[in-house]
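Structure first, then comments.
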Amino acid sequence: MKAAVMRATDAPLTLEEVRIDRPGPGEVLVRTVASGICHSDLHVIEGNLPVPPPCILGHEPAGIVEEVGEGVADFAPGDHVIGCLTSWCGVCRFCTEGRPYLCPSQFAGRPEGAAARLTAADGSTILQFANLSSFAEQMLCPERSLVKIRDDMPLDRAALIGCGVTTGLGAALNTVHIPAGASVVIIGCGGVGLSAVQGARITGAGRIIAVDAQPWKFDVARKLGATDCIDPADGDPVAAVHELTGGGADFVFECIGLVPTVQQAAAMTGRGGTTVLVGVVPVSELVAISAADLTLQEKKISGSYMGSNRFRFDMPKYVDFYLDGRLFLDEMISSRIKLDEVNEAFDRMRKGEAARQVIVFD
Ligand SMILES: NC(=O)c1ccc[n+]([C@@H]2O[C@H](COP(=O)([O-])OP(=O)(O)OC[C@H]3O[C@@H](n4cnc5c(N)ncnc54)[C@H](O)[C@@H]3O)[C@@H](O)[C@H]2O)c1
Ligand SMILES: [Zn+2]
Ligand SMILES: [Zn+2]
């Protein structure tokens with residue numbers, strides 16, 4: 001099968017023929033139909049998230065089951081599925097207390113000594129990213145990385161639910177509880193931030209303020225639920241939020257992953273409010289924030305990982321939200337591309353020229 005392989009950090013992906021193994025016990029072979037492109041893939045390429053090459057990236061997929069391994073009861077060939085990187089074990093403390101997205105065994109891979117799932121033409125092993133590796137025509141996944149969805153859901157749009165939508169929507173619906181009428185700021189209008197805008201709208205938030213350095217994104221953000229938009233080039237975005245909200249917002253979602261925007265997010269948060277960190281700051285960087293503000297104004301800061309999901313429960317619900325008109329996905333897709341255009345897609349992401357880009361396979 002054809003795949004885009006990361007051979008080195010900070011270099012273009014290379015298109016290669018790759019061998020994928022047959023499904024072992026508990027595994028499912030999926031024909032990839034579509035894969036969204038998430039900034040976390042770019043973080044890995046740029047070395048901001050340490051994953052060693054050679055590796056096949058891509059973690060926002062939808063596809064069709066081709067073959068199932070021994071003991072797989074939840075899937076059959078022909079099933080339409082979404083893949084999610086938060087695979088879970090079902091028995092650890094986090095799984096049993098209802099937070100399977102924190103399961104420490106989510107990237108366990110195959111047992112020691114087993115054949116590799118992915119092999120290059122020269123016989124060397126290629127690392128599978130997050131049990132998925134969706135920049136490839138097929139994926140061999142643990143069954144607990146997949147969820148079955150309705151057949152009438154278009155798979156190019158279903159793919160977005162695999163990471164960006166689950167992350168942004170879930171940050172607003174699961175990580176925190178936004179009361180109707182609350183004021184909400186979303187910094188960063190990529191696939192993740194635009195999904196957080198929709199989460200805020202679905203919870204019945206009042207003012208929904210979108211901040212982005214690319215003002216062309218405001219049309220999309222407004223269609224998805226933003227009531228106000230701020231371009232930092234027009235002046236201090238923190239002051240603008242304080243003015244719009246009368247002293248700071250109830251909830252601020254940082255959906256970029258930069259030190260200055262994390263600091264802005266904390267400063268935009270009003271007394272008693274909550275800052276939610278969704279963007280991934282490079283692992284080598286620390287952020288200075290006023291601790292006194294947190295104490296004296298009782299502000300909270302929370303991380304939000306993969307929308308605090310229980311994806312077998314959440315994703316079919318998000319599919320229903322799309323099909324009954326409450327979740328807008330068509331508006332989020334700025335381009336549909338072929339696998340061999342993936343490097344150009346990352347260039348567009350670097351320049352802020354894309355909302356969500358989706359690879360559609362033949
Ligand atoms: N927490 C999680 O579980 C999780 C899951 C998926 C992605 N992420 C992270 O979320 C972040 C966003 O991902 P994405 O795919 O939406 O990215 P993206 O590149 O599509 O979007 C980022 C947006 O930020 C804007 N931007 C960049 N710099 C800015 C600045 N200084 N001020 C204002 N706007 C600015 C860009 O114009 C763009 O619209 C990434 O860090 C990604 O790794 C986190
Ligand atoms: Zn992602
Ligand atoms: Zn577990």
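First listed ligand is number 1; within each ligand, the first listed atom is number 1.
Contact check on D340 versus K338 returns no salt bridge, with no Lys/Arg side-chain nitrogen under 4.0 Å from an Asp/Glu carboxylate oxygen.
Comparing I256, L85, D41 by heavy-atom distance to atom 11 (C) of ligand 1, the nearest is I256. Nearest-heavy-atom check against atom 12 (C) of ligand 1 across G193, G190, C255, P282 picks out C255. Between the choices T86, N48, D212, the shortest heavy-atom distance to atom 23 (C) of ligand 1 belongs to D212. Residue nearest to atom 7 (C) of ligand 1, selected from G188, P237, S40: S40 (by heavy-atom distance).
For L258, no nitrogen or oxygen atom sits less than 3.5 Å from a nitrogen or oxygen atom of ligand 1, counting backbone and side chain alike.
Distances shorter than 4.0 angstrom do not occur between any heavy atom of G164 and any atom of ligand 1.
No donor-acceptor distance shorter than 3.5 angstrom exists from the side chain of N131 to the backbone of C141, with no hydrogens or angles considered.
Between the side chains of T275 and T269, a donor-acceptor pair is found at a separation under 3.5 Å.
Pairing each heavy atom of G90 with each of R144, the nearest pair is N-NH1, 3.9 Å.
At least one N/O/S atom of C38, whether from backbone or side chain, sits less than 2.8 Å from the Zn ion (ligand 2).
Outside the 6.0 Å centre-distance limit, the rings of W88 and F94 are not counted as a close aromatic pair.
Using a 4.0 Å cut-off between heavy atoms, A354 makes no contact with ligand 1 at all.
Under the side-chain contact (heavy atoms from CB on, under 4.5 Å) rule, V165 has a single partner from V192, I82, L194, L160, which is L160.
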